[in-house]
Number of protein chains: 2
Amino acid sequence: MAAMIKSDFSAELPSVTDERPADARAEAFQGVREARRNELAEDYVELIADLIHEHGEARPVDIAAQLGVRAPTVTKALARLAREGLITRAKYRSVFLTDEGRALAKECRNRHEIVLRFLIRLGLDAETAELDAEGIEHHVSERTLALFKSYADRP
Amino acid sequence: MAAMIKSDFSAELPSVTDERPADARAEAFQGVREARRNELAEDYVELIADLIHEHGEARPVDIAAQLGVRAPTVTKALARLAREGLITRAKYRSVFLTDEGRALAKECRNRHEIVLRFLIRLGLDAETAELDAEGIEHHVSERTLALFKSYADRP
DNA sequence: GTAGAAAGTTAGCCTCTACTAACTTTTTGT
DNA sequence: ACAAAAAGTTAGTAGAGGCTAACTTTCTAC
């Protein structure tokens with residue numbers, strides 16, 4: 001049946017779907033799924049860096065408030081981040097970034113800031129820009145980020 | 001303690017974190033999580049519409065190939081989409097969109113196409129544009145989409 | 001028309017994210 | 001200093017998304 005579609009059909013009406021082979025599209029989706037897996041970690045690390053910068057420490061209660069989730073969700077997520085080597089912490093104490101975590105935070109902050117400036121430069125209001133940047137920043141390739149930066153920085 | 005931070009602290013050093021109240025940031029993250037929940041459904045519906053358009057039907061095996069996942073994953077996802085009223089189907093048969101599903105597909109296709117044209121207009125190569133559009137399209141507000149469209153359509 | 005191939009489903013497993021309820025630890029205020 | 005409040009953790013639940021292995025149904029080619 002698949003053979004039928006690939007031969008009989010696409011022979012006479014070359015389609016968008018066939019022009020873009022399944023492999024290529026699958027790769028795109030796999031990339032997106034990969035990005036999705038890292039999004040949460042990036043959100044946490046970025047937020048933790050912010051909180052440390054602002055308040056000298058990152059407490060689970062503040063992380064939970066900023067993310068809009070409950071405390072146990074944060075406890076679990078932090079356990080995962082610790083497992084992944086992005087943070088260190090002791091039970092009942094606040095959270096610190098490892099070198100790796102700090103590097104990731106810096107990268108995230110940079111991306112976030114570029115996307116935000118880009119959207120505002122494009123004419124978006126600051127609030128919507130902030131909302132959209134939060135979602136978009138995880139799905140922007142290096143190349144796109146460079147273009148965003150050029151646009152935002154242009155005279 | 002939270003009270004302490006809100007009063008004692010922000011009174012003397014107004015910080016980024018405090019300027020952007022926890023509620024507002026939490027809203028942003030909740031928005032992103034909401035978007036994430038719909039992403040898969042949107043990917044499926046968009047792809048199903050494509051396949052129907054190209055081949056007259058959308059078979060699980062083709063959906064799986066295009067998304068880069070295994071057949072049982074598709075079976076499960078389709079059950080969810082049917083539960084949500086986006087598709088109809090009979091066991092062992094291919095998939096059809098409901099009116100609601102068709103509307104969503106149309107909306108997604110429109111967004112996808114605008115984001116893609118925008119990125120290309122910005123100077124991105126077609127392949128990277130396709131990869132990034134796949135991730136970005138789900139996180140673009142109406143306002144941002146309008147700006148993207150203006151930019152892509154400008155003379 | 002039927003046997004073998006292809007497609008689809010089911011069952012069972014895993015991880016991640018979120019929740020509530022109940023518990024422990026730490027902080028705070030008197 | 002100690003009781004009450006706040007913060008943090010643990011345990012248990014649920015759903016989404018992914019997988020493999022094993023099974024059933026449909027298709028196809030002879």
Side-chain angles (χ1 to χ4, degrees), chain A residues 1-8 22 26 29-44 47-48 51 55 57-84 86-87 89-96 138, chain B residues 1-9 22 26 29-45 47-48 51 55 57-84 86-87 89-96 138:
Chain A
M1 181 57 144
M4 186 278 274
I5 285 172
K6 285 260 164 69
S7 58
D8 297 34
F29 281 116
Q30 276 162 352
V32 173
R33 280 201 300 278
E34 175 64 23
R36 272 172 211 164
R37 237 174 290 133
N38 294 309
E39 278 180 68
L40 249 288
E42 292 181 3
D43 287 343
Y44 270 89
L47 175 54
I48 289 165
L51 288 169
H55 303 141
E57 62 172 357
R59 301 182 314 155
V61 69
D62 295 325
I63 297 171
Q66 297 274 329
L67 291 178
V69 299
R70 300 292 188 171
T73 302
V74 172
T75 300
K76 256 196 206 171
L78 293 180
R80 183 188 145 212
L81 296 182
R83 219 186 315 132
E84 289 172 358
L86 295 169
I87 63 168
R89 64 178 317 219
K91 239 190 186 183
Y92 295 102
R93 312 261 56 149
S94 37
V95 180
F96 301 94
H138 305 287
Chain B
M1 182 52 146
M4 184 279 273
I5 286 173
K6 285 262 165 70
S7 57
D8 297 33
F9 236 110
F29 281 116
Q30 276 161 353
V32 174
R33 278 201 301 279
E34 175 66 22
R36 276 173 206 163
R37 238 173 289 133
N38 295 321
E39 277 179 70
L40 249 288
E42 292 181 3
D43 287 343
Y44 271 89
V45 163
L47 175 56
I48 289 164
L51 287 169
H55 303 140
E57 63 174 354
R59 301 183 313 156
V61 69
D62 295 325
I63 297 171
Q66 297 276 327
L67 291 178
V69 299
R70 299 295 186 168
T73 302
V74 172
T75 300
K76 254 194 208 174
L78 293 179
R80 184 188 145 214
L81 295 182
R83 220 187 314 131
E84 289 172 359
L86 295 170
I87 63 167
R89 65 179 315 223
K91 240 191 188 182
Y92 296 103
R93 313 264 51 152
S94 38
V95 180
F96 300 95
H138 305 286

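Order of the sequence lines sets the chain letters (A, B, ...), proteins ahead of strands, with each chain counted from 1. Since we're looking at a predicted model, the values are computed, not measured.
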Checklist entry - In terms of side-chain heavy atoms of B:V61, which of C:dC19, D:dG18, C:dG8 is nearest? => result C:dG8

Checklist outcome for this item: Rounded to whole Å, the CD-C1' distance (B:Q30 to C:dC19) equals 13 Å

Checklist outcome for this item: Value for CZ (A:R89) from CG (A:L78), rounded to nearest 0.5 Å, stands at 5.0 Å

Checklist outcome for this item: Distance col, row A:I87:CD1 vs A:R80:CZ, nearest 0.5 angstrom, shows 11.0 Å

Checklist entry - Mapping B:R36 and A:L78 to their closest nucleotides on DNA chain D, which lands nearer the 5' end? => result A:L78

Next on the checklist: Rounded to whole Å, please give me the gap between CG in A:N38 and P in C:dT15.
Outcome noted: 18 Å

Checklist entry - Out of D:dT20, C:dG8, D:dG8, which nucleotide sits closest to the side chain of B:R59? => result C:dG8

Checklist entry - So do A:H55 and A:S94 actually touch side chain to side chain, heavy atoms under 4.5 Å? => result no

Checklist entry - Roughly how far, to the nearest 0.5 Å, is OH of B:Y44 from CG of B:L51? => result 12.0 Å

Checklist entry - Going from CD1 on A:I48 to CG on A:L86, what distance comes out if it is rounded to the nearest 0.5 angstrom? => result 8.5 Å

Item to check | Residue-phosphate contact under 4.0 Å: B:T73 side-chain N/O, D:dG17 OP1/OP2 | outcome: no

Could you pull out the protein-nucleic contacts involving nucleotides 10-15 of chain D (nitrogen or oxygen on both sides, under 3.5 Å)?
{"unit_1": "D:dT10", "atom_1": "OP1", "unit_2": "A:K91", "atom_2": "NZ", "d": "3.1"}

Next on the checklist: Rounding to an integer number of Å, can you tell me how far B:E39 CD sits from D:dG17 C1'?
Outcome noted: 13 Å

Taking distance alone, no hydrogens or angles, what donor-acceptor pairs closer than 3.5 Å link side-chain atoms of residues 30-39 of chain A to residues at least two apart or in another chain?
{"unit_1": "A:Q30", "atom_1": "NE2", "unit_2": "B:G68", "atom_2": "O", "d": "3.1"}
{"unit_1": "A:R33", "atom_1": "NH1", "unit_2": "B:L67", "atom_2": "O", "d": "3.2"}
{"unit_1": "A:R33", "atom_1": "NH2", "unit_2": "B:L67", "atom_2": "O", "d": "3.4"}
{"unit_1": "A:R33", "atom_1": "NH2", "unit_2": "B:G68", "atom_2": "O", "d": "3.2"}
{"unit_1": "A:E34", "atom_1": "OE1", "unit_2": "A:R37", "atom_2": "NH1", "d": "2.8"}
{"unit_1": "A:R36", "atom_1": "NE", "unit_2": "B:E39", "atom_2": "OE1", "d": "2.7"}
{"unit_1": "A:R36", "atom_1": "NH2", "unit_2": "B:E39", "atom_2": "OE1", "d": "2.7"}
{"unit_1": "A:R36", "atom_1": "NH2", "unit_2": "B:D43", "atom_2": "OD2", "d": "3.2"}
{"unit_1": "A:N38", "atom_1": "ND2", "unit_2": "A:E34", "atom_2": "O", "d": "3.2"}
{"unit_1": "A:E39", "atom_1": "OE1", "unit_2": "B:R36", "atom_2": "NE", "d": "2.6"}
{"unit_1": "A:E39", "atom_1": "OE1", "unit_2": "B:R36", "atom_2": "NH2", "d": "2.7"}
{"unit_1": "A:E39", "atom_1": "OE2", "unit_2": "A:H139", "atom_2": "NE2", "d": "3.1"}

Next on the checklist: Can you see if the side chain of A:R89 gets near the phosphate of D:dT9 - specifically, an N or O under 4.0 Å from OP1 or OP2?
Outcome noted: yes

Checklist outcome for this item: OG1 of A:T73 to CD1 of A:I63, rounded to nearest 0.5 Å, is 12.0 Å

Next on the checklist: Would you say A:R37 places a side-chain N or O within less than 4.0 Å of OP1 or OP2 belonging to C:dC16?
Outcome noted: no

Checklist entry - Between A:A77 and A:R93, which is nearer to the 5' end of DNA chain C once each is assigned its nearest nucleotide? => result A:A77

Checklist entry - Starting at the 5' end of DNA chain D and moving along, which residue's nearest nucleotide shows up first, A:R33 or A:P60? => result A:P60

